[in-house]
Structure formats: structure tokens, C-alpha cells
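When reading the values below, keep in mind they use all heavy atoms of this one structure, side chains included, and skip hydrogens, waters and symmetry mates.
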Amino acid sequence: MRLMVTGGAGFIGSAVVRRAIERGDDVLNVDKLTYAANPDNVAMVADNPRYRFAQEDICDFDAMSRLMNEFKPDAVMNLAAETHVDRSIDGPGAFIQTNIIGTYALLEAARGYVANGGAPKDFRFHHISTDEVYGSLGPTGEFTETSPYQPNSPYSAAKASSDMLARAWRETFDLPVIVTNCSNNYGPYQFPEKLIPVVIINALEGKDIPIYGKGDQIRDWLHVEDHAEALLLVAREGKPGETYNVGGRAERTNLDLVKTICKVLDEELKDSNHAPHEGLINFVADRPGHDQRYAINCDKIERELGWTPAHTIEEGMRDTVKWYLDNRDWWEKIRQRGFDTAKRQGLKQSA
């Protein structure tokens with residue numbers, strides 16, 4: 001396949017790019033290279049003749065149209081987004097711009113690509129989203145593809161808006177759109193502002209491990225490589241007009257997850273002065289609008305497309321911890337750019 005992947009230098013996008021190149025696809029990686037994007041994430045495929053890179057903003061309709069008409073993709077996979085909930089509290093504007101205006105520009109570019117006859121017959125526009133658009137669950141139940149949207153953060157509201165745009169372009173303009181909604185991802189190359197890399201890096205350096213509130217919020221954890229496999233499968237075999245939920249079937253409270261990471265660190269760093277690392281846990285003020293529980297029902301993608309997650313949470317978390325231990329140079333370079341993993345965000349509640 002010929003795949004145009006937006007946001008392909010980010011965490012999930014780069015996993016898709018690496019896997020697509022590995023299996024023989026031609027890939028055009030379109031990325032603005034904002035703070036969380038990292039060319040190092042795709043450095044191992046950068047010289048591959050089937051890989052191209054374009055530094056462009058998805059909000060630029062003319063650029064998106066030009067790239068589609070030049071590259072002639074079989075599928076556009078939209079992974080470009082602002083994704084950090086805490087940042088969306090501090091500065092919602094960037095989330096509105098990229099997640100909503102950017103998706104609109106891409107949809108319009110794709111509509112023109114199809115209308116002018118440049119797109120192949122089986123072209124798909126694959127919009128990648130999150131389970132956070134569904135809001136928060138109680139102690140039981142799971143999100144399904146028909147769950148109502150009830151976003152509670154500026155991030156999830158912006159993603160919900162982009163999902164609705166994708167649906168409207170499908171219904172109104174007959175654009176062959178597919179939407180996927182995933183649970184929390186983890187794994188190699190995750191930018192060190194999210195929970196798991198923050199825990200690992202802070203523990204390594206003997207710094208406090210911050211846990212919001214009581215740490216009783218529950219998330220369903222999905223290994224990024226399993227997610228990449230699911231996304232590429234949907235791009236190939238998903239049915240236009242459908243939505244597929246992608247989950248890891250691995251619910252954990254934030255506190256239990258952090259304790260698991262600490263135990264792995266204790267085993268991997270037997271000579272550490274900071275062990276037991278669980279002693280570094282520090283409960284901090286919760287963030288505004290913090291959803292209590294997410295859980296994905298992924299029966300549909302398993303039943304219709306044959307996808308299942310390959311990683312257990314125990315295996316995946318151990319491998320992830322080892323990756324951050326073995327690739328210190330990767331995250332040190334990010335900190336050299338001025339990023340501080342210890343800096344708290346998401347406390348602003350007014351402009």
C-alpha cells in the first residue's frame with residue numbers, strides 16, 4: 001500500500017511508519033515537527049527508498065492537497081494531533097487548531113483528491129482517535145463503538161469534534177472514512193511527558209513520582225506496537241463508514257501501574273540507591289476534570305478483522321522499562337532541548 005501518515009514522527013505515528021516500512025509499504029510521513037515530534041523516532045527507516053518525509057502542517061489545505069495529488073496514497077492515516085490532557089488545560093487553543101482545523105483541512109484535501117479522479121478506487125481516509133471522547137465510566141461497563149460522546153477535557157472535546165467532522169464528511173460527501181478509537185498507549189518512543197516515561201525517568205534519578213489524586217483512576221493499556229498493527233489492518237481491510245475500538249484488555253489503576261513499574265526497576269537496577277523505587281511515590285493535587293475510568297470493548301475489530309493484542313501488560317511494561325533504560329540518549333536529547341519531566345502542568349482553570 002501507499003500510505004500518507006500524518007503525525008508520523010510522534011509516538012503512535014512513528015510506530016505505524018516503522019511497521020509499515022518493515023512490511024513493504026510505501027510511506028509518506030507528514031509532520032509539522034512540533035515539540036513532541038522527534039525525527040529520531042523514524043531514523044531507522046529514513047534512508048529506505050520507500051520512505052518519504054514532508055515537514056508540513058495539516059492545517060495547510062494547499063500543502064495537504066499537493067501532497068495527496070503528488071504521492072497518490074491508497075490511504076491517508078491521520079495521527080497528527082495535540083494529545084496531552086494537561087497541556088490542553090493550560091492552552092486549549094493549539095488543540096482546537098490542530099485537532100479540529102487540521103482534520104477539516106485534511107478531509108477537504110481528501111475530498112478533492114477523490115473528486116478529481118486521483119484516488120484509487122479503494123481509497124480510505126483513516127481517522128485515528130481516542131477512547132477519551134466517550135467520557136468517564138463507572139466501576140462497570142465498557143466503551144463500544146456506539147457509546148455516546150461525553151468528552152470532559154479540552155483535548156477529548158477537540159478529538160470528539162474531529163471525529164464528528166470525519167463522520168459528517170462520510171455522510172454528506174460520501175468520503176470513504178474509517179474511524180478508530182484507542183485506549184491508553186504505552187511503549188518505546190513515548191514522549192516523556194506522559195505517565196509511564198515520567199515514572200521511569202523520575203525513578204531513575206531519585207525524584208518524586210507524582211500520582212494525581214489517590215491514583216485510583218483506571219485505564220486500559222495498549223502496547224503501541226499492537227496498536228500500530230491494528231491501525232495498518234484497518235487501513236487495509238476496514239470497511240468505510242465503520243468505527244473500530246482498539247483496546248489492550250489490560251485495565252489497571254494508575255497506582256497499581258506505577259507500583260508495577262517500580263518493581264521492574266527494583267529488579268533491573270539492583271544496585272540503585274533509590275530502591276525500593278515505590279518509596280518515591282508522591283500523591284499530588286488531581287487535575288481538573290480527571291476522568292475516573294476508561295475501558296474499551298474491542299470485540300468488533302477482533303471478530304470482523306481478526307486483530308488481538310499480542311502483548312500482555314506484564315510483558316509489555318517490562319519491555320518498555322528496559323527500553324527507557326537502554327535508550328537514555330534518546331530521552332536525554334529531548335531534555336537538552338529544554339523539556340523538564342518534573343514540571344507539573346494542567347493546573348490552570350482560567351485564562
Side-chain angles (χ1 to χ4, degrees), residues 1-10 12-31 42 45-46 48-56 58 60-81 102-129 162-163 165-167 169-182 224-244 246 300-301 304-307:
M1 290 185 72
R2 293 178 66 79
L3 300 172
M4 177 173 164
V5 180
T6 69
I12 301 173
S14 66
V16 171
V17 167
R18 295 191 302 270
R19 182 68 185 109
I21 292 294
E22 181 182 339
R23 58 167 230 183
D25 292 324
D26 293 299
V27 176
L28 169 60
N29 179 3
V30 181
D31 202 298
V42 290
V45 301
N48 192 295
R50 287 182 283 101
Y51 174 81
R52 285 180 54 191
F53 175 75
Q55 185 175 353
E56 299 285 359
I58 63 167
D60 187 337
F61 167 79
D62 291 337
M64 296 303 103
S65 295
R66 173 177 52 79
L67 289 172
M68 287 184 201
N69 287 300
E70 288 177 357
F71 185 68
K72 300 190 181 306
D74 298 308
V76 172
M77 302 179 70
N78 180 29
L79 290 114
T103 299
Y104 160 73
L106 275 173
L107 287 165
E108 278 292 88
R111 184 159 73 101
Y113 175 53
V114 172
N116 67 23
K121 184 178 180 180
D122 59 351
F123 171 76
R124 292 175 169 90
F125 186 100
H126 182 184
H127 178 66
I128 290 84
S129 190
S162 68
D163 292 6
L165 287 175
R167 173 185 170 83
W169 261 244
R170 181 190 78 213
E171 295 296 322
T172 302
F173 303 115
D174 201 28
L175 190 68
V177 168
I178 305 173
V179 175
T180 52
N181 297 84
C182 70
V224 69
E225 292 173 6
D226 289 337
H227 190 198
E229 285 288 348
L231 295 180
L232 290 167
L233 178 62
V234 169
R236 292 195 311 272
E237 301 180 20
K239 182 180 177 182
E242 295 293 331
T243 295
Y244 300 92
V246 187
K300 181 177 178 178
I301 191 172
E304 296 186 7
L305 301 183
W307 174 89

Requested in this report: Identify whether the distance between the nearest side-chain nitrogen and carboxylate oxygen of E56 and R66 falls below 4.0 Å.
Outcome: yes

Query raised in the report: Where do V246 and A230 come nearest, in terms of heavy atoms and distance?
Result: CG1-CB, 3.7 Å

Requested in this report: Give, for atom CG of D31 and atom OG of S14, the distance between the pair rounded to the nearest 0.5 Å.
Outcome: 9.5 Å

Query - Where A235 and R124 come nearest, the two heavy atoms and their spacing - result: O-CD, 3.3 Å

**Report entry** Partner of L28 by side chain to side chain contact (heavy atoms under 4.5 Å, CB included), out of L67, V5, T6
**Finding:** L67

Requested in this report: Start with the C-alpha distance between L107 and N78, add both sets of side-chain angles, then the distance that settles side-chain contact (heavy atoms from CB on, under 4.5 Å), and finish with yes or no.
Outcome: CA-CA 10 Å; L107 287 165; N78 180 29; over 6 Å; no

Report task. Could you grab the distance from atom CG of D25 to atom CZ of R50, nearest 0.5 Å is fine? Result -> 7.5 Å

Query raised in the report: Which value, rounded to the nearest 0.5 Å, describes the distance between E242 atom CD and E304 atom CD?
Result: 6.0 Å

Query raised in the report: Rounded to the nearest 0.5 Å, how far apart are OG1 of T180 and CG of L233?
Result: 11.0 Å

**Report entry** Reference residue M4; test side chain to side chain contact (heavy atoms under 4.5 Å, CB included); the match among K72, R52, M64, M77
**Finding:** M64

Requested in this report: Find out whether H127 and D163 are in side-chain contact, i.e. whether some heavy atom of one side chain is under 4.5 Å from a heavy atom of the other.
Outcome: yes

**Report entry** T103 side, atom OG1; W169 side, atom CH2 - distance, nearest 0.5 Å
**Finding:** 10.5 Å

Query raised in the report: Can you check whether L3 reaches V16 side chain to side chain, under 4.5 Å on heavy atoms?
Result: no

Query raised in the report: Checking R2 side chain against D26 main chain: does a donor-acceptor pair fall under 3.5 Å?
Result: no

Query - Exceeds 12 heavy-atom contacts within 6.0 angstrom, atom OH of Y51 - result: yes

Requested in this report: Take L231 and I128 through the test side-chain contact (heavy atoms from CB on, under 4.5 Å) and record every step on the way to the result.
Outcome: CA-CA 8 Å; L231 295 180; I128 290 84; 3.7 Å; yes

Report summary line: Taken to the nearest 0.5 Å, the spacing of I301 CD1 from T243 OG1 works out to 11.5 Å

Query - Other residues, nucleotides, ligands: >12 heavy atoms within 6.0 Å of D174 CG - result: no

Report summary line: What one should report as the nearest heavy-atom pair of P240 and G238 is CD-O, 3.5 Å

Query raised in the report: Do the non-hydrogen side-chain atoms of Y244 and W307 ever get within less than 4.5 Å of each other?
Result: no

Report summary line: Tightest non-hydrogen contact, residues V179 and A166, listed as CG2-CB, 4.2 Å

Query raised in the report: Is there side-chain contact between F61 and Y104, with at least one heavy-atom pair below 4.5 Å?
Result: no

**Report entry** Nearest non-hydrogen partners of P120 and D74, listed with the distance
**Finding:** CG-OD1, 3.4 Å

Query raised in the report: Is the closest basic N to carboxylate O distance between R19 and E225 below 4.0 Å?
Result: no

**Report entry** V45 side chain near V27 side chain, heavy-atom distance below 4.5 Å
**Finding:** no

